[in-house]
Amino acid sequence: MLKMAIITGFLSQTKDRFHEYNRPLNLDQKFELLSGIDGYDGVEIVYPYEVKDPVQTRKILDKHGLSIAAVNVNVKAEPEFRNGGLTSHNRAVRAKAVRFIKEAKDFAAAVGADKVTCCPLGDGYEFAFQYDYAQAWRYLVESFGEAGGYKTEVPLFIEYKPSETRGRCFVDTASKTLCLLNDMQCRGMGVTLDFGHSMYGNENPAEALVLLAESRYRYYIHINDNDGKWDWDYFCGTKHFLEYVEFLFYLKQYGYQDYFTSDTSPTRWDIKGTFEANSRMTNRIWALLDKIDSNELKGLLSQDDYLKTWRFIENNIFALK
């Protein structure tokens, strides 16, 4: 079985513009629910809004036999971060965002987590002539650089996303995230690759993964799906099955051994059933990839006749013999 985790905010009540879904749960109740979902033993927990006390958190984790995939630090929800935290023109606001990340690293070290991940959703823009892009980039390099340089034994992973809450996020693609890390020149950094963010950002997730895997930085995976128009956080394979197979193929080729963390929103569907669907789909595809002749497929990829590759897909992935 693969290492599977869930962002635990999705185990409780969620909201959209019109409705609330599921009932609110405290941390112990969320962990209890997760411990009963087949295929999972990991949590990604949100600092500082979901967890603050590492001793108490560790106690609840041990009670339910769970491990930590990552600590997710939120730098968008404070009122001061409305117009951007890490890229605010106000030095004190930028300092507060950096402090949140440093404190998340302190928490992660105390609770036994091996990484902190941060998605700077409040840092971006909506209109032409809204920002000095060079200055915003310097703010990102400076702010993330200071945060990443603190306690490098707890790596900081930057999660990119095309938009939300801003019309366009400054850190919106895999390539731009790598450019940011290269400009920072900071030890102990990585990239969180969310399949859905990549898909609706008009990337090919498998290609984005290869770009990261061929770099000198670590990477960490969020799984979900969407229609390519918005980050709906559907469960895996419902919209882009073959792209998800290709994504997993390359993860297997590069020897990925970290958690597959479900960044998936149950909303109208049963929480347990939704996440078990993610686990079943991902593990079945992974097992299928163990059975196919990877060397034959890689040989086909080095040629120019896609019809031969498609016949291989028919016979081995869709089993249309």
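- Heavy-atom minimum distance, A97 versus V75: O-CG1, 3.8 Å.
- Among residue pairs with one or both ends in residues 285-297, those qualifying as salt bridge (charged side-chain N to carboxylate O under 4.0 Å, His left out) are K252-D290; sequence neighbours excluded.
- Here the straight-line distance linking atom NZ of K161 with atom CG of D123 works out to 14.0 Å at 0.5 Å rounding.
- In the hydrophobic clustering (ILVMFWY side chains linked at under 4.5 Å, chained through shared members), W232 is joined by Y200, W230, Y234.
- Counting only N and O atoms by type, the side chains of N226 and D233 include no donor and acceptor under 3.5 Å apart.
- No single ILVMFWY cluster, assembled from side-chain heavy atoms under 4.5 Å apart, contains both W269 and M281.
- Scanning for ring pair (Phe, Tyr, Trp, His ring centres under 6.0 Å) contacts around Y160 gives an empty result, with sequence neighbours left out.
- Residues that satisfy the salt bridge (charged side-chain N to carboxylate O under 4.0 Å, His left out) test with E126, not counting sequence neighbours, are R166.
- I158 places a side-chain heavy atom less than 4.5 Å from the side chain of M189.
- Note on F170 and Y139: separate hydrophobic clusters, where clusters join Ile, Leu, Val, Met, Phe, Trp and Tyr whose side-chain heavy atoms are under 4.5 Å apart, directly or indirectly.
- The aromatic rings of F81 and F100 sit perpendicular to each other, their planes meeting at more than 60°, with 30° as the lower class boundary.
- Side-chain contact between C236 and F195: absent, with no pair of heavy atoms (C-beta onward) separated by less than 4.5 Å.
- Note: S265 OG to I271 CD1 = 9.0 Å, rounded to the nearest 0.5 Å.
- From T57, atom OG1 reaches atom CG of L66 across 12.0 Å, with rounding to the nearest 0.5 Å.
- Between A174 and A208, the shortest heavy-atom distance links the atoms CB-CB, 4.0 Å.
- The two residues Y131 and A136 come nearest to each other via the heavy atoms CD2-CB, 4.3 Å.
- Put simply, the side chain of S294 reaches to within 4.5 Å of the side chain of Q253, judged on heavy atoms.
- A continuous path of Ile, Leu, Val, Met, Phe, Trp and Tyr side chains, each step under 4.5 Å between heavy atoms, connects V245 with I221, placing both in one hydrophobic cluster.
- Heavy atoms only, all atoms of each residue included: A108 and V116 are closest at CB-CG2, 3.8 Å.
- The ring pair (Phe, Tyr, Trp, His ring centres under 6.0 Å) check on Y217 picks up nothing, with sequence neighbours excluded.
- Contact check for C186 versus F144: no side-chain heavy atoms found under the 4.5 Å cut-off.
- Side chains of T264 and N278: a donor on one and an acceptor on the other come within 3.5 Å.
- Within the 3.5 Å criterion, the main-chain N or O of L2 finds a donor-acceptor partner in the side chain of N283.
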Run the numbers on Y254 and E214 for side chain to side chain contact (heavy atoms under 4.5 Å, CB included), then give the verdict.
CA-CA 9 Å; Y254 283 104; E214 292 287 336; 2.6 Å; yes
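- K272 pairs by the salt bridge (charged side-chain N to carboxylate O under 4.0 Å, His left out) definition with E276, not counting sequence neighbours.
- For E243, the salt bridge (charged side-chain N to carboxylate O under 4.0 Å, His left out) criterion is met by no residue, not counting sequence neighbours.
- Partners of Y259 by ring pair (Phe, Tyr, Trp, His ring centres under 6.0 Å), not counting sequence neighbours: none found.
- Inter-residue side-chain proximity for L251 and L248 is flagged as met; some heavy-atom pair is nearer than 4.5 Å.
- The shortest heavy-atom contact between P24 and S12 is CA-OG, 3.3 Å.
- Atom OH of Y40 sits about 9.5 Å away from atom OG1 of T261, to the nearest 0.5 Å.
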Derivation and outcome, side chain to side chain contact (heavy atoms under 4.5 Å, CB included), residues K176 and L180:
CA-CA 6 Å; K176 193 184 289 186; L180 177 61; 5.9 Å; no
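- Listed by first and then second residue, the salt bridge (charged side-chain N to carboxylate O under 4.0 Å, His left out) pairs that reach into residues 19-29 are K15-E20, D28-K63, sequence neighbours excluded.
- M199 and F260 fall within a single hydrophobic cluster, where Ile, Leu, Val, Met, Phe, Trp and Tyr side chains are chained together by heavy-atom contacts under 4.5 Å.
- A side-chain donor-acceptor contact under 3.5 Å links N72 and E44.
- Side-chain N or O atoms of S143 include none that pairs as donor or acceptor with a backbone N or O of L140 at under 3.5 Å.
- You'll find the side chain of C118 reaches within 4.5 Å of the side chain of L156, heavy atoms only.
- Residues D106 and K102 are not paired through a salt bridge, judged by the lack of any N-O separation under 4.0 Å between the basic side chain and the carboxylate.
- Among residue pairs with one or both ends in residues 128-141, none qualify as salt bridge (charged side-chain N to carboxylate O under 4.0 Å, His left out); sequence neighbours excluded.
- Among all heavy-atom pairs drawn from Y250 and A206, the shortest one is CD1-CB, 3.9 Å.
- Note: Y256 and Y219 have parallel aromatic rings, judged against thresholds of 30 and 60 degrees for the angle between ring planes.
- Listed by first then second residue, pairs satisfying salt bridge (charged side-chain N to carboxylate O under 4.0 Å, His left out) with a partner in residues 46-55 read K30-E50, not counting sequence neighbours.
- In summary, the side chains of E159 and Y220 do not present any donor paired with an acceptor at a separation below 3.5 Å, with no hydrogens or angles considered.
- Taken together through direct or relayed side-chain contacts under 4.5 Å among Ile, Leu, Val, Met, Phe, Trp and Tyr, L33 and I68 form part of one hydrophobic cluster.
- The shortest side-chain heavy-atom distance between F10 and P266 falls under the 4.5 Å cut-off.
- Partners of R91 under the side chain to side chain contact (heavy atoms under 4.5 Å, CB included) rule, at least two apart in sequence or in another chain, are R94.
- Ion pairing between R280 and D38 fails under the 4.0 Å rule for side-chain N and carboxylate O.
- Atom CG in N316 sits 8.0 Å away from atom CG in L288 (nearest 0.5 Å).
- For Q303, the CD atom sits in a packed shell: over 12 heavy atoms of surrounding residues, nucleotides or ligands are nearer than 6.0 Å.
- In this structure, L209 and L193 have side chains that are in contact, with non-hydrogen atoms separated by less than 4.5 Å.
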Verdict with reasoning, D263 to I223, per side chain to side chain contact (heavy atoms under 4.5 Å, CB included)
CA-CA 6 Å; D263 188 341; I223 57 173; over 6 Å; no
Would Y150 and K105 satisfy side chain to side chain contact (heavy atoms under 4.5 Å, CB included), going step by step from the backbone distance to the final call?
CA-CA 8 Å; Y150 177 73; K105 284 194 168 196; 4.2 Å; yes
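- Atom NE2 of H197 sits about 11.0 Å away from atom CD of E203, to the nearest 0.5 Å.
- With hydrogens and angles disregarded, no donor-acceptor distance shorter than 3.5 Å links the side chain of D62 to the backbone of G65.
- Using modelled atom types and a 3.5 Å distance limit, the side chains of T282 and Y244 yield a donor-acceptor pair.
- The aromatic rings of Y47 and F107 are tilted relative to each other, their planes meeting at an angle between 30° and 60°.
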